[in-house]
2 protein chains.
Amino acid sequence: MTTTQSAPEDRDLPFNVFAKSCPSRVTLEHVTGRWGALTLGALYEGSLRFNELRRRVDGVSEKMLSQTLHALERDGLVHREAQLTNPPRVDYELTPLGHEVTERLMALIHLLEGRMDAVLEARERYDAARGAR
Amino acid sequence: MTTTQSAPEDRDLPFNVFAKSCPSRVTLEHVTGRWGALTLGALYEGSLRFNELRRRVDGVSEKMLSQTLHALERDGLVHREAQLTNPPRVDYELTPLGHEVTERLMALIHLLEGRMDAVLEARERYDAARGAR
DNA sequence: CGGAATCCGAGTAGATACTG
DNA sequence: CAGTATCTACTCGGATTCCG
């Protein structure tokens, strides 16, 4: 054993989401946040323009989408390609890193979508037991 | 080809997070939400008691942890085991479904932690270009 | 089309105090 | 220990307006 390792969660990684001050926690929130996850998911299929994204991500406002895209671009997960034509055209696409991240994210989303029946059942059981009191 | 399939995102799955009204979006938010993700992550190593959980998930308040655990329990991802001793002892652990979900979640978290250096670099580049103006 | 800026209400999060 | 209750503060997020 060449490295000193005590427990799995006690890795000597420089970054640890469980620590309050770790920057990785902020990025995790950008990625998994309400609109971040859906935006990345939409871009997973390919590059999209601003309003195409808005339509894909059902329910997002211009403001939130704009804000979300900025955060993801700043974190290096999304690339913004602006063409100064008239009318202007701006395409958003995943960076290689963004694609890797989104792969993992989609695995999570698809699992969840596939097991929603079990989740719904669990909710009914929970409500029947708790709500009755 | 035996199934009718038009596009990957156009699957005829009953649940689709991209749709505003889909219940899967709510569950996704429980799982990936600020405290949900960290709580599941903490429980991935094994069952924990309430205050152990509080210490692991750095920065969470009692209220938020309690609320988070209720949501995850209701969705069938976390199991609550209470012993009516004195002092009371309550253990939380992942259900099999919760474990599956958390596996995917941890894959995402670990990827992110491992690439934070790239994220931080991207941020500096972004700020240098944008913040300068 | 692709945004930025402003306003404002609703919901969320934290601190605190209390209970079993 | 394991929570609940309450209060306040703050942020989030939507609608609107305006600009390049």
Side-chain angles (χ1 to χ4, degrees), chain A residues 18 20-21 25-39 42-43 47-74 78-93 126 129-131 133, chain B residues 18 20-21 25-39 42-43 47-74 78-93 126-127 129-133:
Chain A
F18 293 101
K20 185 167 47 179
S21 60
R25 189 184 277 194
V26 177
T27 300
L28 179 65
E29 279 164 26
H30 292 160
V31 170
T32 62
R34 188 172 181 190
W35 302 121
L38 298 174
T39 301
L43 289 173
S47 80
L48 289 173
R49 302 176 60 177
F50 188 83
N51 279 338
E52 288 175 335
L53 264 175
R54 266 202 74 182
R55 280 186 292 274
R56 293 253 189 160
V57 182
D58 192 17
V60 71
S61 69
E62 286 186 4
K63 179 184 165 184
M64 283 302 103
L65 182 56
S66 176
Q67 208 171 96
T68 300
L69 285 168
H70 278 313
L72 294 175
E73 190 194 352
R74 192 168 103 99
V78 163
H79 176 68
R80 182 179 186 274
E81 185 101 25
Q83 299 168 41
L84 293 99
T85 57
N86 196 324
R89 179 190 177 92
V90 182
D91 288 274
Y92 292 92
E93 61 183 336
Y126 182 93
R130 289 263 159 174
R133 288 188 316 171
Chain B
F18 293 99
K20 185 166 49 180
S21 60
R25 188 183 279 193
V26 176
T27 300
L28 179 65
E29 280 164 26
H30 292 161
V31 171
T32 63
R34 187 171 182 192
W35 302 121
L38 298 175
T39 301
L43 289 174
S47 80
L48 290 172
R49 303 174 62 176
F50 189 83
N51 279 339
E52 288 175 335
L53 220 34
R54 264 202 77 180
R55 280 185 292 274
R56 293 255 189 157
V57 182
D58 191 17
V60 71
S61 66
E62 287 185 3
K63 179 183 160 186
M64 283 302 102
L65 181 56
S66 175
Q67 208 170 97
T68 300
L69 285 168
H70 279 313
L72 294 175
E73 190 194 351
R74 192 169 104 98
V78 163
H79 176 67
R80 181 179 187 275
E81 185 102 25
Q83 298 168 42
L84 295 98
T85 56
N86 197 324
R89 180 190 176 93
V90 182
D91 288 274
Y92 291 93
E93 61 183 337
Y126 183 93
D127 291 345
R130 288 265 159 172
R133 286 188 316 170

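Every chain is numbered from 1 and lettered A, B, ... according to where its sequence line falls, protein lines coming before strand lines.
In this structure, A:Glu62 places its CD atom 15 Å from P of D:dC18, rounding to the nearest Å. In this structure, CG of A:Leu69 is placed 16 Å from C1' of D:dG13, rounded to the nearest angstrom. The distance from atom CZ of B:Arg34 to atom C1' of C:dG11 is 15 Å, rounded to the nearest whole Å. Going from atom NZ of A:Lys63 over to atom P of C:dG2 covers 20 Å, rounded to whole Å. For the pair A:Glu52 CD and C:dC1 C1', the interatomic distance rounds to 11 Å; values are reported in whole Å. In this structure, CZ of B:Arg54 is placed 12 Å from C1' of D:dC1, rounded to the nearest angstrom. Here the C1' atom of nucleotide C:dA13 and the CD atom of B:Glu29 are 16 Å apart, to the nearest Å. Between the C1' atom of D:dG20 and the CD atom of A:Gln83 lies a distance of 16 Å, rounded to the nearest Å.
Residue B:Phe50 has its side chain nearest to D:dA2 when only D:dA2, C:dA4, C:dC1 are considered. Distance from the side chain of B:Trp35 is smallest to C:dG14 among C:dG14, C:dC1, D:dG14. You'll find that the side chain of A:Ser66 is closest to C:dG3, out of D:dC1, D:dG14, C:dG3. Comparing D:dG3, D:dC1, C:dG2 against the side chain of B:Tyr92 picks out D:dG3 as the nearest. For B:Arg80, whose side chain is taken as the heavy atoms from C-beta onward, the closest listed nucleotide among D:dA15, C:dA4, D:dA2 is D:dA2. In this structure, of C:dA4, C:dG2, D:dC1, it is C:dA4 that holds the atom nearest to the side chain of A:His70. Listed candidates were D:dG13, D:dA2, C:dG3. Nearest to the side chain of A:Met64 is D:dG13.
To the nearest 0.5 Å, atoms OG1 (B:Thr39) and CD (B:Gln67) are separated by 11.5 Å. Going from atom OG of A:Ser66 over to atom CH2 of A:Trp35 covers 14.0 Å, rounded to the nearest 0.5 Å. Note that the CE atom of A:Met64 and the CZ atom of A:Arg34 stand 9.5 Å from one another [nearest 0.5 Å]. Taking CG of A:Leu65 as the start and OH of A:Tyr92 as the end, the distance is 7.5 Å to the nearest 0.5 Å.
Residue contacts for A:Gln67: at a heavy-atom cut-off of 4.0 Å it reaches no nucleic acid atom on any strand shown.
For the pair B:Arg89 and D:dA2, the criterion of a side-chain N or O lying under 4.0 Å from OP1 or OP2 is not met.
Heavy-atom minimum distance, A:Arg49 versus A:Glu52: N-OE1, 2.8 Å.
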